[in-house]
Structure formats: C-alpha cells, structure tokens
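The first residue in the sequence is number 1, and the count goes up from there. As the structure lists them, so they are numbered: ligands from 1, and atoms in each ligand from 1. Computed from a predicted structure; not experimentally measured.
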Amino acid sequence: MRAGAVLLAVGLALSACGSSDDESTATDDETTATDDSTADSSGAIEVRLSEWMVEAPATAEAGSVTITAVNEGGETHELVVVRADSSDGFQVDETGKVDEAGFAEGDFIGEIEEFEAGTTESGTFELDPGTYVLFCNIVEEEADGTFESHFQQGMETVITIG
Ligand SMILES: [Cu+2]
C-alpha cells in the first residue's frame, strides 16, 4: 500500500516535469490574472476610486497605458486624465467642478466616464513621459442646494509616466 503511493507520487512528478503543455497553461493563467495587480511593466495599471480617494501607482511606463478603474466606493465616480504637474492650477467653477475645457491643448488626455459603485471600467490612453493628474470630476447637488465636488473632497492623485 505504502510503496504503491510512493510510486504514484513519483509518476506524477515525472509527468509534470516532462510536459511542456503544463508550462504553457501556467503562462496563460498569469496573463488572465490581472485583476489583483496594481501595476506591472506592460502598460497596465489599476486605479482605485472611493470616497474620497484616487489610489494609483506612483509611476508607470510611457506608451499605451490601460487604466483599470475600480470603484470601491459607495457612489458613482469617474476618472479624468490630465497632463499637469499638480492640480494647483486647475480652474473650478462655483460648484467645484474642474473646467475640463480650460486646459491647454493636448493636456486633457481623456476620461473613463462615470461608472457605478462596485463596478470596474477601463480605458487606454497614449501617455508620453511626464506628470499627470488623475481625478474625479463629479459634482453632486445636495438637497440643501449646496454642491459636493468629488475633486475638492480629495479625489485626485498624481502619477509619473516615465
Ligand atoms: Cu467621484
């Protein structure tokens, strides 16, 4: 009984080592398992949105960058990509909404349109080396007539593309 078990184990080990099919299968698994990665070297990053944060890796490689935006919050969010050293010079209107048309030509890169809490959206952007601000530009009007600007609540971060 015991000898049989050992032989079986050796047989399994040998077949695992000798099979190139197993190796290619393992590679496929890695390629599809991108959900848990926050950053890698292939131009894909994950950005997490919540109240009131935008969390992104500090750096990413230039080129065609696919941003997977995960809405981990309880509200609808969006993700705007603008080339800027920081948000210091951003123009906001009286509601706290950033004037997306106010950026110099070429600095407004694009956005992932608003998507619901608990969902994930992605977008691919051509990013040259430089510094970019990622922010949410949703403004909600409260029942009392005041405005809640997600950007002004802190939903912004800076990422360096190199
Ligand atoms: Cu938001």
Practice task
Indicate whether the side chain of T76 and that of E114 have a donor and an acceptor atom separated by less than 3.5 Å.
Solution key: no
Completion exercise
Sorted by chain and number, protein N/O/S atoms nearer to the Cu ion (ligand 1) than 2.8 Å are H77 ND1, C136 SG, H150 ND1
Problem - Atom CG of D85 with >12 non-hydrogen neighbours under 6.0 angstrom - result: no
Exercise for the section: Decide if the gap between the ring center of F125 and the ring center of Y132 is smaller than 6.0 angstrom. Expected result: no
Exercise for the section: Report the distance from atom CD of E148 to atom CD of E140, rounding to the nearest 0.5 Å. Expected result: 5.0 Å
Handout entry: W52 backbone acceptor or donor facing S50 side chain under 3.5 Å
Key = no
Practice task
Please work out which of the three classes, parallel, tilted or perpendicular, describes the rings of F103 and F135, given edges at 30° and 60°.
Solution key: tilted
